Amino acid sequence: MFDVKSGEVSKMLLQQLTGFEKEVDIYDVGTVLSVGDGVARVFGLSKCMASELLEFPNGVIGVALNLEEDNVGCILFGESQLVEEGDQVKRTGKISSMPAGEAMLGRVINPLGIPIDGKGDIKTDVFLPMERKALGVIQRQPVKEPLQTGLKAVDAMIPIGRGQRELIIGDRQTGKTAIAIDTIINQKGKDVFCIYVAIGQKGSTIAQVYKSLYDAGAMDYTTIIAATASDPAPLLYISPYSGATLGEYFRDRGKHALVIYDDLTKHAASYREISLLLRRPPGREAYPGDVFYLHSRLLERASKLSDELGGGSLTALPVIETKAGDVAAYIPTNVISITDGQIYLEPNLFNAGVRPAINVGISVSRVGGNAQIKAMKKIAGTLRIDLAQYRELEAFAKFGSDLDKATLQQLRRGERLVEILKQKQYVPMNIETQVVIIYAASKGYLDEIPVHSLAKYETEFLSEMENMHKDILNDILEKKDLTDDITGRLIKVIEEFTVRFKTTIK
């Protein structure tokens, strides 16, 4: 099976026959049989553990994945060219782990926890295992605290809670990463630590993400774990687990963390590459049989802990890239069935200028209203239905010209709701601000405003709310509810402003 030199074979046999008195050495030191493509076969490590770190020459580190009868299959975190056939391999006795701690915040690191941003070493004494069994049901509590993204469309219709796993899915270039970055920016001052795991992306793309977060002041509470497209497949494979480990460090200390895996399609591809090189049997689409377990053991680590364990949370936002909108493909369906809902982004909506390009029909949050404040729950109840009906009527209205009054009214309302839910990139909104503008749209106050003037209406209305009616916004934020008193004051402001606005656009 391997191209082993005859001299090498006799040397191995001699070791096996004569080395009984040096048993410890034989167990702890092995020999490289073959190496290439980030994978090495090692002979002689008979007491090696699964996922054990192995030391190769030239500072290359490996992890044992395949424990076979006569050799150990390892993945290498470094250049395969630095390892040669016949090299000595040492056991470390340690399971693959990485440094963790608050010193990681604001830094760009590789999946092994080594900084790659040129800002010096990271000083921390805490080392945590990369792979860890997810906590059981008894250690958890229901997801009930909102994790606001700052995006009107998401917070109103597809709410995310702390400890939830919400999938962001769509074709390439539909704004998946933009939603993730907006969510990180929106955590400013909310005591949530963020980890952005870039899997198989270009270095320039990761640099842009860093710049966006840095400019928004979000790097103070964020760590970027970068496994670039030029890195070997083993680094891409471990990167999400590194992100989960770092997130668990905060969660287990009673704090809140958010981890974004961007994206798991490339992660599955890197695992397929490793598995095929390790000669594991291929299954559907050449993925190994345990590709479901690959993602389930990762995403199951996201949770809201019980109060006895400190009540910390780890929220996961995995990203999946589809091809031609095929959400029923193998990896997309796997991750959809693991997560607690998905945000589906549609290319047609994106190209039509609806951003974020969320398809309301397929997108869902399985935590729902539990992750919303009462005020948002009250006004968002009809929003999803109104939009879904509008989408159906819109398609129907293209064919028929004679529409009854009620249908025309639904179309008018839907058109304005779509316009109000549009949002520019990197400008997340506070929840109380979202509540007042969505209230105005869903209660029909904007029905008479021309669609092209709605952006102007929103800007001026929110500016007036901030400057002259801050008390209403503060009351919504404090009480988290739309009481009769708050609603009465809000309606008065909306009515007065709308009348004034109509006179300015005529």
Side-chain angles (χ1 to χ4, degrees), residues 29-42 45 48-67 71-85 87-100 104 107-118 121-122 124 126-132 195 197-203 206 223-246 261 264 266-278 280 288 294 297-298:
V29 178
T31 311
V32 175
L33 287 175
S34 66
V35 65
D37 298 315
V39 166
R41 297 270 181 181
V42 180
L45 300 177
C48 180
M49 301 180 283
S51 293
E52 184 179 347
L53 286 170
L54 304 174
E55 219 176 288
F56 287 79
N58 302 317
V60 176
I61 297 290
V63 164
L65 274 196
N66 273 24
L67 302 181
N71 68 75
V72 173
C74 311
I75 53 173
L76 303 177
F77 302 133
E79 297 299 325
S80 309
Q81 295 91 313
L82 298 173
V83 179
E84 290 179 357
E85 203 176 296
D87 278 348
Q88 275 206 336
V89 184
K90 290 179 194 158
R91 278 185 61 200
T92 61
K94 293 178 193 161
I95 296 296
S96 55
S97 53
M98 69 171 285
M104 298 286 201
R107 303 299 298 271
V108 183
I109 59 173
N110 75 4
L112 299 168
I114 300 161
I116 53 173
D117 54 6
D121 293 342
I122 294 172
T124 177
V126 185
F127 274 79
L128 296 173
M130 281 185 197
E131 291 269 14
R132 181 178 158 194
I195 299 120
V197 186
I199 309 165
Q201 294 183 30
K202 289 185 295 185
I206 299 170
T223 304
I224 294 177
I225 298 177
T228 63
S230 60
D231 283 331
L235 275 179
L236 272 65
Y237 159 63
I238 63 154
S239 55
Y241 301 105
S242 303
T245 298
L246 193 51
Y261 307 114
L264 291 186
K266 293 191 186 81
H267 180 235
S270 71
Y271 184 58
R272 171 169 62 184
E273 184 183 326
I274 291 165
S275 298
L276 292 172
L277 288 165
L278 286 169
R280 290 181 175 181
L294 174 80
R297 73 176 189 259
L298 168 72

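Note that these values count all heavy atoms, side chains included, but never hydrogens, waters or copies made by symmetry. Bear in mind that the values here come from a model prediction, so they are computed numbers and not experimental data.
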Checking [X] now: which residues fulfil side-chain contact (heavy atoms from CB on, under 4.5 Å) with it, not counting sequence neighbours?
X      : answer
Ala40  : Val35, Phe56, Leu76
Glu79  : Gln81, Leu82
Ala227 : Pro111, Asp231, Leu236, Ser239
Ile206 : Ala198, Gln201, Ile224, Ala226, Thr228

Within a strict 4.5 Å, meaning less than it, do heavy atoms of the [X] and [Y] side chains meet?
X      : Y      : answer
Ile199 : Val197 : yes
Leu112 : Leu235 : yes
Val42  : Asn71  : no
Met104 : Ile109 : yes
Tyr241 : Arg297 : yes
Thr223 : Leu246 : yes
Leu65  : Tyr237 : yes
Leu45  : Leu54  : yes

Distance check, rounded to the nearest 0.5 Å: Ile75 atom CD1 versus Asn66 atom CG? 10.0 Å
Using 0.5 Å steps for rounding, measure from the OG1 atom of Thr31 to the CZ atom of Arg41. 15.5 Å
Using the test salt bridge (charged side-chain N to carboxylate O under 4.0 Å, His left out), find all partners of [X] that sit at least two apart in sequence or belong to another chain.
X      : answer
Asp117 : Arg107
Arg272 : none
Glu273 : none

Taking side chain to side chain donor-acceptor pair (under 3.5 Å) as the definition, give me every residue that meets it alongside Ser242, ordered by chain and number, with sequence neighbours left out. none
Nearest heavy-atom neighbours spanning [X] and [Y]:
X      : Y      : value
Leu278 : Cys74  : CD2-N, 4.2 Å
Leu264 : Tyr261 : CD2-CB, 3.7 Å
Leu67  : Cys48  : CD1-O, 3.9 Å
Pro288 : Tyr271 : CG-CE2, 3.4 Å
Pro234 : Ile274 : CA-CD1, 3.6 Å
Asp121 : Pro115 : CA-CG, 4.3 Å

Would one find more than 12 heavy atoms of other residues, nucleotides or ligands at under 6.0 Å from atom CG of Asp37? no
Write out all pairs satisfying side chain to side chain donor-acceptor pair (under 3.5 Å) with one or both partners inside residues 49-65, taking only residues at least two apart or from two chains. Glu52-Arg91
Is there a donor-acceptor contact under 3.5 Å from the side chain of Thr124 to the main chain of Ala100? yes
Mark yes or no for whether Thr245, through its side chain, and Met130, through its backbone, hold a donor-acceptor pair below 3.5 Å. yes
Yes or no on side chain to side chain contact (heavy atoms under 4.5 Å, CB included) for Ile195 and Ile225, after CA distance, side-chain angles and deciding distance? CA-CA 7 Å; Ile195 299 120; Ile225 298 177; 3.8 Å; yes
For Ile95 and Leu53: C-alpha separation, side-chain torsions, deciding distance, then whether side chain to side chain contact (heavy atoms under 4.5 Å, CB included) applies. CA-CA 6 Å; Ile95 296 296; Leu53 286 170; over 6 Å; no
